[in-house]
Every structure is written in C-alpha cells, then in structure tokens.
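Written below as structure tokens is the structure these notes are about.
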Amino acid sequence: MSLRKLCFYTMLAAILACAAAGRLNRDSKEFYVPEANAGRKDPSLAPSFRPKSEMLPADFLPVQSTNGKSLGAGKLLVASRNLGDPHFAKTVILLARYDAQGVVGLILNRRTDVPLPRMLESPKAVKDRSDPVYLGGPLEMPAVFALFQSTAKLEGAEHVFDGVYLIAAKPLFEQTLSARPDPAVFRVYLGYAGWTQAQLRMEVELGAWFIFPAAASTVFNADPDSLWLEMIRKTELQLARSEPVNADPAPALQKQNKLRVRCPHGDIVWTSF
C-alpha cells in the first residue's frame with residue numbers, strides 16, 4: 001500500500017472515531033442515570049432512581065395501621081391471613097363502640113340467606129322487604145343491631161362516624177324500619193364481636209388485624225362477600241410497593257410467586273393467591 005493511501009485511511013478512521021464518540025456522548029446525556037451518591041442527595045429520586053412522576057399517586061395507597069393506638073370507634077379491622085379463629089377468619093369488622101366499658105364491633109361481610117321478615121317478631125311491618133340479615137359476631141346472637149346512614153342526626157342512636165349510626169334500642173329499631181329505609185344504607189345484624197381495649201390492642205400488636213379508617217362505601221358495600229379479599233389485597237399492595245426494585249427481578253418473583261405489572265405510574269407487584 002502506498003504512503004498516500006495509508007495516510008488517507010488513517011485520517012478516515014480518526015474521523016469515524018470522533019463521530020462515534022460524539023454520538024455516544026449525546027445519547028448518554030439523553031438517558032442519563034445518576035450515580036448512587038447523586039441519587040441520595042436528590043430528593044426527587046427514589047432509591048431505585050425512579051422519578052416521582054413514575055410513582056403511584058399518594059391517594060392510591062391505602063391508609064392502614066398495625067398500631068393499637070390507632071384503634072377507636074369508626075375504624076375497620078381487617079383480619080390478617082394468619083388469623084385462624086373461625087369466628088373471625090377473613091372478616092372485616094366495623095368498630096361501632098370503643099370505650100373503657102369495652103369494644104363492640106359488627107362483622108360486615110357475613111351475609112346470610114335469611115330475609116329480614118323471618119327474623120322479626122312482627123314481620124308485617126317489613127313483609128315486602130327482602131334485605132338479608134348479617135351475622136354481626138359470635139356474642140349474644142339473639143341481640144339485634146342495625147347500621148344506618150343518615151344525613152340528619154338520628155336521635156337515640158350512637159354516632160359511629162360521618163353519617164353512620166348504630167341502632168341498638170328496640171323502639172328506635174322499629175321506628176326506623178317503619179320509615180322504610182333504603183336497603184343500600186340500612187343493614188341488620190345478629191350478635192356482635194366484643195373485646196376489652198387491652199385484649200384488642202394485643203391482638204393488633206400480634207399481627208391478627210390491620211386497621212383502616214371506615215368509609216360508608218365499605219360498610220354498605222354492595223358485594224360484601226368479596227370485601228375481605230379487596231381489603232387484604234390493599235395491605236399487600238402497600239407492602240409490595242415498599243420492596244426495593246431488583247435489577248433482575250425475574251428470579252425473585254418466581255421464588256416469591258409474585259407478578260410484576262407495568263403501568264404508567266410505576267411497577268405494581270401483586271402477590272398471587
């Protein structure tokens with residue numbers, strides 16, 4: 001090869017190398033990933049270097065607690081998967097009363113096939129109703145309670161939260177029935193669940209229950225049979241969001257039997273059931 005051709009090819013190789021280096025530098029700026037130390041200094045980045053814009057919005061994650069100090073009237077108890085007591089396994093309970101005298105709760109998701117008229121001593125007042133009766137708990141099964149949502153103050157009833165009231169007195173129960181309340185905001189329960197404050201706090205601290213703030217849409221859920229599964233999945237979704245992102249998640253997901261789903265707000269990990 002002549003000296004002229006050798007110089008030409010050397011210059012061509014140098015030009016191509018410079019062009020490639022410039023392109024690589026430009027691409028690296030477009031897809032810049034900060035170093036670990038930079039990520040710790042920048043509060044807008046998650047530990048996995050995921051921008052906040054890709055995280056789930058704050059109101060997507062449920063507000064829940066396993067702290068016994070957050071117990072009180074108007075709170076929901078959601079049984080953990082490890083709770084094996086058949087009286088309370090897979091239950092969602094509204095705490096209707098919480099004071100020094102004790103704790104009264106009503107199980108929201110144990111609907112029976114018994115219609116309301118069959119349970120009452122005077123079925124004529126409700127003979128045209130088909131509302132199902134719920135099992136409120138294992139204590140005092142003959143006792144009848146009702147939960148009623150009302151925009152007006154309900155005299156003689158115990159206010160639980162927002163516009164939801166507990167009806168325990170027979171005269172008020174019969175008076176409310178005679179007014180033909182909408183079944184969507186009125187439910188009747190046989191029996192109740194009861195604890196002392198110390199007993200329930202201990203159960204919560206042992207991991208038997210999750211605590212949620214109550215909502216009328218939960219108390220009067222149109223599909224109570226699926227309520228526990230809906231609530232327990234919320235607790236597991238929040239736990240999954242707190243797990244660190246694995247650079248190569250496939251082996252871990254297979255081992256833990258989980259499914260990772262891509263969405264615009266970030267990855268969601270669902271535990272299979």
Side-chain angles (χ1 to χ4, degrees), residues 59 62-65 70-79 88 90-99 102-120 122-123 125-137 139-141 143-194 209-232 234:
D59 58 358
V63 179
Q64 68 186 52
S65 171
S70 60
L71 289 166
K75 295 296 180 72
L76 293 176
L77 298 179
V78 177
F88 298 112
K90 298 184 178 181
T91 57
V92 178
I93 299 177
L94 173 66
L95 297 184
R97 187 184 302 163
Y98 188 92
D99 54 32
V103 182
V104 173
L106 295 175
I107 299 176
L108 303 177
N109 61 324
R110 287 195 171 167
R111 177 172 53 182
T112 73
D113 295 328
V114 179
L116 186 56
R118 287 180 53 187
M119 186 203 69
L120 300 178
S122 303
V126 291
K127 62 180 180 179
D128 58 342
R129 296 183 70 108
S130 58
D131 315 26
V133 176
Y134 289 74
L135 294 179
L139 301 180
E140 296 189 24
M141 292 296 290
V144 178
F145 300 88
L147 290 174
F148 182 44
Q149 184 180 18
S150 173
T151 55
K153 183 178 180 180
L154 198 60
E155 296 293 340
E158 295 183 43
H159 180 249
V160 182
F161 72 97
D162 295 341
V164 176
Y165 293 84
L166 172 68
I167 300 174
K170 184 177 179 180
L172 179 59
F173 179 78
E174 293 177 344
Q175 177 185 338
T176 305
L177 272 180
S178 64
R180 297 182 177 277
D182 184 347
V185 293
F186 179 80
R187 288 188 178 171
V188 177
Y189 302 83
L190 283 177
Y192 68 95
W209 305 98
F210 292 99
I211 307 169
F212 282 82
S217 59
T218 304
V219 173
F220 300 102
N221 191 293
D223 185 16
D225 297 331
S226 64
L227 182 58
W228 176 80
L229 188 57
E230 175 186 334
M231 299 297 290
I232 202 66
K234 290 181 180 181

When rounded to the nearest 0.5 Å, the distance separating CG of Leu154 from CD of Gln175 is 8.0 Å
Quick one: does Lys75's side chain have a donor or acceptor within less than 3.5 Å of a partner on Ser70's backbone? yes
Spatial distance of atom CZ (Phe210) from atom NZ (Lys234) [nearest 0.5 Å]: 13.5 Å
Which pair of non-hydrogen atoms, one from Leu76 and one from Leu108, has the smallest distance, and what is that distance? CD2-CD1, 3.8 Å
Using the side-chain contact (heavy atoms from CB on, under 4.5 Å) rule, take Met119 and Val144 through it: C-alpha gap first, then chi angles, then the decisive distance, then the call. CA-CA 9 Å; Met119 186 203 69; Val144 178; 4.0 Å; yes
Taking Phe145 as the fixed residue, which of Tyr192, Tyr134, Phe186, Phe173 is the one that meets the ring pair (Phe, Tyr, Trp, His ring centres under 6.0 Å) rule? Tyr192
Hey, can you pull the donor-acceptor pairs under 3.5 Å for the side chains in residues 156-165, sequence neighbours left out?
residue : atom : partner : partner atom : Å
Glu158  : OE1  : Arg97   : NE           : 3.1
Glu158  : OE2  : Arg97   : NE           : 3.4
Glu158  : OE2  : Arg97   : NH2          : 2.4
His159  : NE2  : Asp162  : O            : 2.3

If you look at every heavy atom in Ala222 and Arg111, which pair is closest and at what distance? O-NH1, 4.2 Å
Count the heavy atoms of every other residue, nucleotide or ligand shown that sit under 6.0 Å from CG of Asp113, and state whether that count exceeds 12. no
Between Arg187 and Asp131, is there a salt bridge with N-O shorter than 4.0 Å? no
Quick one: pull up CD1 in Ile107 and CG in Leu135 and give me the separation to the nearest 0.5 Å. 7.5 Å
With side-chain contact (heavy atoms from CB on, under 4.5 Å) as the criterion, how do Trp209 and Ile93 come out once you've worked through the C-alpha distance, each side chain's angles and the decisive distance to 0.1 Å? CA-CA 10 Å; Trp209 305 98; Ile93 299 177; 3.6 Å; yes
Rounding to 0.5 Å, atoms OH (Tyr189) and CG (Leu94) come to a distance of 7.5 Å
Interatomic spacing from CD in Glu230 to OG1 in Thr218 - rounded to 0.5 Å: 7.0 Å
Heavy-atom closest contact (Ala96 atom, Ala73 atom, distance): O-CB, 4.0 Å
Stepwise, does the side-chain contact (heavy atoms from CB on, under 4.5 Å) test hold for Trp228 with Thr91? CA-CA 6 Å; Trp228 176 80; Thr91 57; 5.8 Å; no
Of all the heavy-atom pairs spanning Thr112 and Val133, show the shortest one and how long it is. OG1-O, 2.6 Å
Taking all heavy atoms of Phe88 and all of Ala193, pick out the closest pair and write down the distance. CE2-CB, 3.6 Å
Would Leu166 and Leu106 count as a side-chain contact (heavy atoms from CB on, under 4.5 Å) here? Give the steps. CA-CA 10 Å; Leu166 172 68; Leu106 295 175; 3.9 Å; yes
For the pair Asn221 (side chain) and Asn109 (backbone), establish whether a donor and an acceptor sit closer than 3.5 Å, ignoring hydrogens and angles. no
Counting C-beta onward and ignoring hydrogens, is there a side-chain heavy-atom pair between Val114 and Leu190 closer than 4.5 Å? no
